[in-house]
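Any value given below was found using the heavy atoms of this structure, including those in side chains, with hydrogens, waters and symmetry copies removed. In this text the structure is predicted, and so the values were computed from the model without any measurement.
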Amino acid sequence: MLEKRLKTIQTTIVVLTVLNIIILLGYLIISLTVINNETCPSEKPLFSDEKNQIFGQDNIVIHDLENKDIYFYDSSKSSVLNAKIGNNLNLEDYKEISIETSRDNSENYKVIYSAKAKAANLILDVRTKKSGPVTCKTYDWIVNEPFNSNYAKQEFEDCFYLGNASWYGQAENKNQQFWPINDIEFKEYSPYLTGLFGDIWSSILERYWLSSNGIAVIVDQSSPLFVKKNKTSFCLLASSKEPYHNQHLIVKLKYDICQIDKSSAKTDYLNQLQLFVINNYFAKPVGIPDERMFKSPIWSTWATFKKNINETTLKAFAHDILKNNFTNSQLEIDDKWQTNYGDFIFDTKKFPDMKGLITYLNDLNFRTTLWVHPFVNIEAKNFLEVSLAFLEVRAPDGLRPGITSWWDGIAAVALDMTNPNTTKWFHDQLEKIRSDTGIDSFKFDAGELNWLSRLFWLYNASFTPDQYSIEYVKMASNFGSLIEVRTGTQTQNFPIFVRMLDKDSTWGYDNGLKSVVTTALLMSILGYPFILPDMIGGNAYVFEGGEIVFETDLIAYPDYQLYIRWAQLTAFLPAMQFSIPPWHYNNRTQVPVNKICKDLVDLHEQIVYPILIEYANNAVATGEPIIRPLWWLDNSDLMALKISDEFLVGNDILVAPILDENKYKRDIYLPIGDWEAKNGTIYQGPKVLNDFPAPIEEIPYFLRKK
């Protein structure tokens with residue numbers, strides 16, 4: 001009996017010992033797994049200390065620290081993007097460059113630059129997030145020093161090679177509005193803000209670049225950004241130089257590189273990536289503008305009258321429009337209706353009874369809008385009120401007005417749109433005009449950063465300068481759906497028309513007729529679907545020494561060919577705008593310019609307008625553009641990726657305008673689909689139509705058969 005009990009005890013001890021060993025082994029395995037996850041993730045990327053490289057999937061180098069290169073590849077292991085990051089860093093300034101990997105996400109890591117005595121400690125934080133077929137990597141350069149350190153002037157420079165891809169996006173560009181943007185060149189850094197800085201940027205701008213390789217680069221608004229570009233690359237520079245001095249922040253450079261898996265969507269991968277950016281980094285419009293603005297032409301006084309407007313000229317202009325059987329959405333009263341710029345008082349010598357005039361025009365079925373701007377000239381009565389109330393952009397000490405100049409004033413201040421007291425004051429001034437006179441709405445001019453004083457102080461110093469333009473558009477949008485603005489940055493959500501920069505009465509990409517097409521395509525990619533092209537025929541400016549002469553009664557009328565071709569193109573855009581009237585050419589040419597333009601307005605109202613409204617509502621629902629590049633129908637079509645002189649209205653109309661003088665035929669590329677010409681002939685794309693006829697009274701366009 002005792003022997004049996006001893007054997008039972010021995011067996012129990014053995015079993016318990018084995019169980020303890022198993023439990024200990026389990027704890028050991030768990031511990032090793034945790035340690036391994038904290039220090040060296042089992043998944044890619046892997047870091048090689050010997051070569052200072054980080055590896056992605058399939059042991060492909062994705063970050064070469066020593067050579068400052070990062071690489072992106074598609075699913076077939078073909079390179080789709082190469083960039084130099086930390087391009088301006090001298091690696092000899094750092095005693096150690098180390099890597100920290102993440103236990104939460106194996107694709108996240110930090111590069112830590114431990115500096116020697118004369119440099120700043122830096123961190124490059126790389127984080128990855130996935131959403132369906134799109135993977136975005138955030139690259140965040142920061143200075144790892146106290147907030148008040150001497151290293152606030154640290155700069156970061158990252159450069160991206162264009163490679164063999166076609167690139168889109170960036171900004172409205174007055175003198176080089178090319179599509180794709182590959183050939184645009186400006187070899188010196190310029191602040192990446194709305195306005196003409198060194199004749200480079202213009203009124204509509206986003207920190208967004210899109211590659212036909214399925215790559216998007218989106219820079220965070222908090223980065224004090226400068227950009228330069230040549231035909232092989234574009235570079236980002238974060239710096240505290242002017243005009244970012246207002247922020248008083250240590251410099252950082254933060255951006256996302258988003259890549260779509262092209263194998264999952266071979267013919268619309270670019271569309272999907274574009275919509276991902278619009279819906280995740282910008283915002284879809286919350287509604288559509290006034291439908292009458294889509295349908296019938298705006299008539300502006302500017303190009304044809306310049307500043308010589310009064311009650312008599314407005315009445316005559318309205319009667320001429322009606323006499324020539326043209327419709328209208330509104331009559332826009334431009335410069336110069338007020339006594340002084342910045343005073344919201346009508347010049348009674350010109351307009352003795354403004355309320356009576358507005359009633360008169362309303363009775364003729366004209367709505368009226370009024371040109372306004374954010375400037376107060378020093379001779380204006382409001383100058384003292386604005387300055388004493390600190391409503392203007394001020395000098396850097398915050399105590400003095402920031403005196404600036406603009407095209408109608410050599411000494412003025414700009415209203416500070418980051419100050420809520422200012423926007424309320426401005427809004428109240430305009431609302432009083434509207435209630436006193438019956439004016440329907442307003443045309444908001446300017447709003448770009450280059451019109452501020454060279455050194456300036458904004459009310460809200462925590463804002464980046466971009467916020468000035470954003471707040472201006474936000475304030476303008478409060479006046480309803482009948483307005484127009486000409487600046488845009490991070491303001492895609494407002495249901496208003498955004499106007500192109502004033503166009504010159506020329507043919508080229510340097511702010512002439514050709515640039516109307518490429519600007520429309522650019523605006524579409526930047527997320528602004530409600531495109532208001534500039535006046536048909538351009539602004540008829542007189543130039544002297546390369547500069548516009550504003551103080552002149554002379555008008556440099558465009559030649560009839562340019563005028564007709566401009567009207568033909570505009571008939572297919574979301575809005576038409578006349579200033580130089582078509583009947584100006586009566587008795588000046590045997591070509592029936594007036595009749596051709598009347599027929600184009602009829603075409604726009606009867607055929608194009610219903611399609612515009614359909615796709616305008618679609619833009620609100622999905623973020624898709626109204627005016628589309630040809631590649632929208634098939635992203636794999638290499639020819640469509642490069643075409644800059646044709647466009648689509650939704651997916652329903654292909655437009656191939658004549659954009660050169662004395663041209664009466666052209667080659668036309670039709671992408672995939674069945675396309676019906678005006679004469680009923682149906683062509684199956686993809687196909688090139690050589691020497692397609694386009695007499696002066698015709699614009700080639702094709703309806704897509706469904």
Side-chain angles (χ1 to χ4, degrees), residues 88 141 143 152-157 170-174 186-208 219-229 234-255 373-376 390-407 409-419 422 446-474 486-491 501:
N88 62 323
W141 284 103
V143 178
K153 295 187 182 299
Q154 170 72 46
E155 295 181 339
F156 297 106
E157 181 185 54
Q170 195 166 265
E172 189 179 20
N173 192 302
K174 182 178 180 182
F186 39 93
K187 297 180 181 179
E188 300 296 328
Y189 276 113
S190 181
Y192 199 68
L193 297 165
T194 58
L196 288 173
F197 290 92
D199 245 15
I200 293 175
W201 310 120
S202 193
S203 303
I204 303 162
L205 169 151
E206 295 297 342
R207 300 172 168 210
Y208 171 38
V219 182
D220 192 83
Q221 291 294 118
S222 64
S223 300
L225 185 63
F226 294 75
V227 175
K228 70 177 180 180
K229 187 184 175 301
F234 66 91
C235 293
L236 312 176
L237 177 71
S239 172
S240 60
K241 295 184 294 189
E242 298 173 17
Y244 295 103
H245 56 277
N246 196 59
Q247 291 175 260
H248 309 296
L249 299 176
I250 289 180
V251 170
K252 64 182 295 182
L253 176 59
K254 181 180 180 182
Y255 56 87
H373 53 79
F375 306 108
V376 180
F390 281 43
L391 300 180
E392 83 285 23
V393 176
R394 300 189 74 77
D397 58 14
L399 301 175
R400 296 170 292 121
I403 301 297
T404 188
S405 61
W406 63 295
W407 65 90
I410 59 173
V413 291
L415 295 172
D416 186 351
M417 295 301 159
T418 70
N419 184 344
T422 303
E448 303 93 348
L449 268 296
N450 67 305
W451 300 115
L452 307 189
S453 52
R454 189 178 69 84
L455 293 174
F456 60 84
W457 180 88
L458 296 175
Y459 172 85
N460 193 329
S462 65
F463 287 156
T464 62
D466 290 316
Q467 199 68 29
Y468 178 86
S469 298
I470 295 170
E471 294 298 322
Y472 182 60
V473 174
K474 181 179 178 181
R486 83 162 191 188
T487 189
T489 183
Q490 293 284 309
T491 51
L501 183 71

S469 side-chain N/O to G447 backbone N/O, donor-acceptor pair under 3.5 Å: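 Between the backbone of G447 and the side chain of S469 there is a qualifying donor-acceptor contact (under 3.5 Å).
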Under 3.5 Å: donor-acceptor pair, side chain of T487, backbone of S203: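 Answer holds: yes.
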Value rounded to 0.5 Å, distance of [atom1] in [X] from [atom2] in [Y]:
| X | Y | atom1 | atom2 | value |
| --- | --- | --- | --- | --- |
| N460 | N419 | CG | CG | 9.0 Å |
| L452 | F375 | CG | CZ | 8.0 Å |
| T194 | N450 | OG1 | CG | 7.0 Å |
| L399 | W457 | CG | CH2 | 8.5 Å |
| L455 | E242 | CG | CD | 4.5 Å |
| D220 | K252 | CG | NZ | 6.5 Å |

Pair E155-S239, side chain to side chain donor-acceptor pair (under 3.5 Å): steps then yes or no: CA-CA 5 Å; E155 295 181 339; S239 172; 2.7 Å; yes
Candidate pair Y192 and V219, rule side-chain contact (heavy atoms from CB on, under 4.5 Å), full reasoning: CA-CA 11 Å; Y192 199 68; V219 182; over 6 Å; no
Atom CD1 of I410: over 12 foreign heavy atoms under 6.0 Å: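 No, because the 6.0 Å sphere around CD1 of I410 holds 12 heavy atoms or fewer from other groups.
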Grab the two heavy atoms, one from [X] and one from [Y], that are nearest each other, plus how far apart they are.
| X | Y | result |
| --- | --- | --- |
| I403 | V413 | CD1-CG1, 3.9 Å |
| V393 | L415 | CG2-O, 4.1 Å |
| A446 | Y472 | O-CE2, 3.4 Å |
| N88 | E157 | OD1-N, 3.1 Å |
| S453 | R394 | OG-O, 4.5 Å |
| Q221 | T464 | O-CG2, 3.2 Å |

Could you tell me if the side chain of [Y] sits less than 4.5 Å from the side chain of [X], heavy atoms only?
| X | Y | result |
| --- | --- | --- |
| V227 | L236 | yes |
| L205 | L193 | no |
| L449 | P243 | no |
| V251 | Y244 | no |
| E392 | V376 | no |
| R486 | E172 | no |

Verdict with supporting geometry, T489 and I204, side-chain contact (heavy atoms from CB on, under 4.5 Å): CA-CA 6 Å; T489 183; I204 303 162; over 6 Å; no
Ring centers of Y459, F390 separated by less than 6.0 Å: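 No, too far apart.
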Ring geometry between W141 and F156 (parallel below 30°, tilted from 30 to 60°, perpendicular above 60°):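 Ring orientation of F156 relative to W141: parallel.
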Mutual orientation of the aromatic rings belonging to W201 and F186 [parallel < 30°, tilted 30-60°, perpendicular > 60°]: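 Perpendicular, since the angle between the ring planes exceeds 60°.
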Evaluation steps, side-chain contact (heavy atoms from CB on, under 4.5 Å), between Q490 and E206: CA-CA 7 Å; Q490 293 284 309; E206 295 297 342; 3.3 Å; yes
CA sep, side-chain torsions, deciding dist, call: R207, D466, salt bridge (charged side-chain N to carboxylate O under 4.0 Å, His left out): CA-CA 11 Å; R207 300 172 168 210; D466 290 316; 3.3 Å; yes
Worked check of side-chain contact (heavy atoms from CB on, under 4.5 Å) between Y255 and S223: CA-CA 9 Å; Y255 56 87; S223 300; over 6 Å; no
